[in-house]
Participant: 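After the structure tokens below, expect a handful of questions from me.
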Amino acid sequence: MFEGHGLDLSQTPDHPTIDELRSRQLKIANVVENDSLLIIVNNPESIRSADVEYPYRASSDMLYFVGWSKPDAVFCISNRGGEMKSLLFIPPRDTLKETWTGLRIGLDEATNQFPIDRAESIEDITDILASELEKSTNVYHQRGLSDIVDRVVDDALLETSRMRQRTGFGPANLCDPRPVIAELRLMKSETEIALMRHSCRIGSAAHIESMQQAFSGMAEYQIQAVIEGCFIHNGSQWSYPSIVGGGDNATILHYNENNSPVNDGELVLIDAGCEIAGYASDITRTWPINGKFTEAQAILYQLVLDSQMAAISMCKPGATFDDPHNAAKKVLAQGLLDLGIISGPTLEEAMSSEQLGTYFMHRTSHWIGLDVHDVGVYAPDDTPRILESGMVLTIEPGLYFGAWRPDVDIDEKWAGIGIRIEDDVLITENGCDVLSDDCPKTIADLESIIGSAA
Ligand code: GLY
Ligand code: MN
Ligand code: MN
């Protein structure tokens with residue numbers, strides 16, 4: 001169990017090197033104006049109950065620029081006169097605290113092991129950050145993550161007029177760092193692609209394992225346990241809470257109660273992905289728990305698969321972000337017209353939100369990377385973005401016929417069927433590379449695997 005089904009999961013690709021992280025810092029320092037200070041506050045910890053916290057996940061920007069995964073850290077990059085300097089605030093060594101929560105990296109070790117020029121104790125942030133701010137004209141800071149940092153920045157901006165009058169220096173502009181960082185993160189490097197491919201491979205193995213272990217009546221949480229057990233067994237963790245929905249539950253897009261049995265004759269929709277070094281996979285497969293599609297299930301499944309293949313064929317440099325979505329919509333709308341589920345009469349009308357949108361109510365794609373719904377503008381200047389080599393997006397069309405829905409009269413033949421098929425697709429120089437293509441999705445492949453190890 002969990003060994004990978006012929007997929008090589010043993011070699012975790014290299015994490016980004018210090019040089020790569022430094023070059024990312026240099027790029028952002030060159031994008032912001034001279035005399036800027038960019039501040040990245042790590043995610044705060046979050047209480048689950050009493051003194052128990054949720055498992056900690058560092059902010060994706062902190063991982064992107066520093067590779068630092070622990071809480072209570074603040075990273076700064078300054079660009080003064082074209083010279084970049086980086087500074088990381090971290091909790092200092094403390095034997096008592098380390099006894100409870102684990103060893104910390106000392107300030108000197110941090111400077112040696114991470115891509116930073118200087119490390120300081122987070123306990124000294126007020127004075128040191130204030131002095132950095134005094135020397136900066138533009139401050140790139142996202143508010144709301146740390147009261148202390150927000151206050152130091154506010155105080156510095158309030159002091160500006162007096163300070164600038166005295167010295168000619170001082171912060172004058174507060175800017176949101178997210179748009180400039182998003183543009184960098186949108187284009188993936190070879191290292192990032194290798195990590196995402198590995199994350200997809202583990203995700204694919206987990207989905208295959210769940211197919212093999214399946215039996216009628218299996219609980220959704222038991223399927224979730226197989227999937228997430230495989231993630232953990234292979235050194236990863238989920239990148240978003242797993243969605244495992246049988247029958248009508250598959251028609252709830254973000255269902256994650258995962259607490260019902262999947263009954264004989266029902267489809268199960270599993271939307272589950274993992275992350276490696278922070279890099280996500282996001283994979284959905286839908287299949288019959290008893291190993292055999294009914295006629296109605298097969299018709300709708302094949303339609304969603306055809307629409308997904310049409311969308312993937314539009315993933316190439318020069319196409320727009322909307323092209324795969326439009327291709328998927330076209331196939332789905334024509335299929336539903338042919339089945340008499342929507343009325344058209346034209347294909348254009350069939351593709352409208354009132355018709356196709358009743359059964360396919362989400363977009364086909366989102367960017368994926370360090371965040372499962374990754375950063376990057378979809379329509380700069382309100383025009384769909386041109387796809388370029390190095391971008392990674394999901395392709396995930398679906399059809400949902402929830403029997404529970406009060407707004408639509410669903411023919412009994414289709415009621416309780418929810419189908420989504422999702423892969424992660426890298427745009428390459430000549431077309432695309434489906435990073436999750438180890439995960440089976442044809443009807444014949446699925447039927448031959450389901451239940452084979454139950
Ligand atoms: N797993 C959430 C999504 O597919 O967007
Ligand atoms: Mn997705
Ligand atoms: Mn998904």
Side-chain angles (χ1 to χ4, degrees), residues 57 60 185-186 188 196-197 199-208 210-211 220-221 223-224 226-228 230-231 236-246 249-258 267-276 278-287 301 304-305 307-309 311-312 314-315 321-322 324-325 327-329 332 357 359-376 378 385 387 391-400 402 418-427 432-441:
R57 172 38 158 88
S60 294
R185 282 180 43 195
L186 181 56
K188 273 63 179 180
M196 292 184 73
R197 196 184 296 283
S199 179
C200 282
R201 209 166 269 161
I202 295 173
S204 297
H207 279 265
I208 295 170
S210 72
M211 293 166 193
E220 292 163 346
Y221 52 79
I223 299 174
Q224 176 186 358
V226 174
I227 293 263
E228 293 180 10
C230 191
F231 292 166
S236 68
Q237 57 188 326
W238 53 253
S239 52
Y240 53 93
S242 304
I243 297 168
V244 184
N249 292 338
T251 68
I252 311 286
L253 301 180
H254 284 174
Y255 173 82
N256 58 17
E257 289 169 32
N258 301 356
L267 292 177
V268 60
L269 182 156
I270 302 170
D271 183 345
C274 61
E275 64 178 36
I276 284 284
Y279 287 91
S281 54
D282 182 5
I283 302 174
T284 308
R285 291 293 182 264
T286 310
W287 38 268
Y301 185 88
V304 176
L305 185 56
S307 77
Q308 203 222 17
M309 298 312 287
I312 290 173
M314 294 309 297
C315 292
F321 183 79
D322 282 358
H325 183 52
K329 276 175 67 180
L332 290 173
Y359 306 104
F360 175 38
M361 55 295 276
H362 56 81
R363 300 273 310 183
T364 300
S365 302
H366 54 79
W367 306 126
I368 181 167
L370 280 167
D371 289 306
V372 67
H373 290 180
D374 209 27
V375 293
Y378 292 115
R385 182 152 212 144
L387 298 178
M391 296 173 171
V392 186
L393 67 163
T394 63
I395 297 291
E396 49 177 308
L399 285 175
Y400 309 93
I419 297 166
R420 181 163 62 254
I421 306 173
E422 175 172 29
D423 283 298
D424 303 342
V425 179
L426 165 71
I427 306 297
C432 72
D433 182 354
V434 180
L435 300 179
S436 48
D437 72 352
D438 292 308
C439 196
K441 59 184 174 185

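Indexing begins at 1, ligand by ligand and atom by atom, following the structure's order. Below, each value reflects all heavy atoms present in this structure, side chains not excepted, and no hydrogens, waters or symmetry copies.
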Participant: Measure distances from the Mn ion (ligand 3) and count the protein N, O or S atoms below 2.8 Å.
Facilitator: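 Step by step: take the Mn ion (ligand 3), keep protein N, O, S below 2.8 Å, and you get 4.
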Participant: If I take every N, O or S atom of His373, is at least one of them less than 2.8 Å from the Mn ion (ligand 2)?
Facilitator: no
Participant: Hey, what's the ring geometry for Phe321 with Tyr378, parallel, tilted or perpendicular (30° and 60° as the breaks)?
Facilitator: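 Tilted.
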Participant: Minimum heavy-atom separation for Gly245 and Ala250, please, with both atom names.
Facilitator: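 Taking every non-hydrogen atom into account, O-CB, 3.5 Å.
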Participant: If you measure from CD1 on Ile223 to CG on Asn258, what distance do you get to the nearest 0.5 Å?
Facilitator: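 Ile223 atom CD1 to Asn258 atom CG measures 9.0 Å (nearest 0.5 Å).
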Participant: Mind running salt bridge (Lys or Arg N to Asp or Glu O under 4.0 Å) on Asp438 and Arg197 for me, showing each step along the way?
Facilitator: CA-CA 10 Å; Asp438 292 308; Arg197 196 184 296 283; over 6 Å; no
Participant: Between Ser365 and Thr394, is there a donor-acceptor pair closer than 3.5 Å when you use the side chain of the first and the backbone of the second?
Facilitator: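 Answer holds: yes.
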Participant: Any donor and acceptor pair, going by atom type alone, linking the side chain of Ser239 with main-chain N or O of Gly273 inside 3.5 Å?
Facilitator: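 Confirmed, Ser239 side chain pairs with Gly273 backbone.
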Participant: Kindly tell me which protein residues have any non-hydrogen atom under 4.0 angstrom away from an atom of ligand 1, grouped by chain and ordered by number?
Facilitator: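 Close residues (ligand 1, cut-off 4.0 Å): Tyr240, Asp271, Asp282, His366, His373, Glu396, Glu422.
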Participant: If I consider every N, O or S atom in His366, which one ends up closest to the Mn ion (ligand 2)? I only need its name.
Facilitator: NE2
Participant: Given side chains that start at C-beta, do those of Phe231 and Ile202 come closer than 4.5 Å, heavy atoms only?
Facilitator: yes
Participant: Could you tell me whether the side chain of Thr364 and the main chain of Ile395 form a donor-acceptor pair under 3.5 Å?
Facilitator: no
Participant: If you define the side chain from C-beta out and look only at heavy atoms, does anything of His254 sit under 4.5 Å from Tyr240?
Facilitator: no
Participant: Exactly one of Lys441, Glu396, Glu422 should register a side-chain hydrogen bond (donor to acceptor under 3.5 Å, both in side chains) with Gln308. Which one does?
Facilitator: Lys441
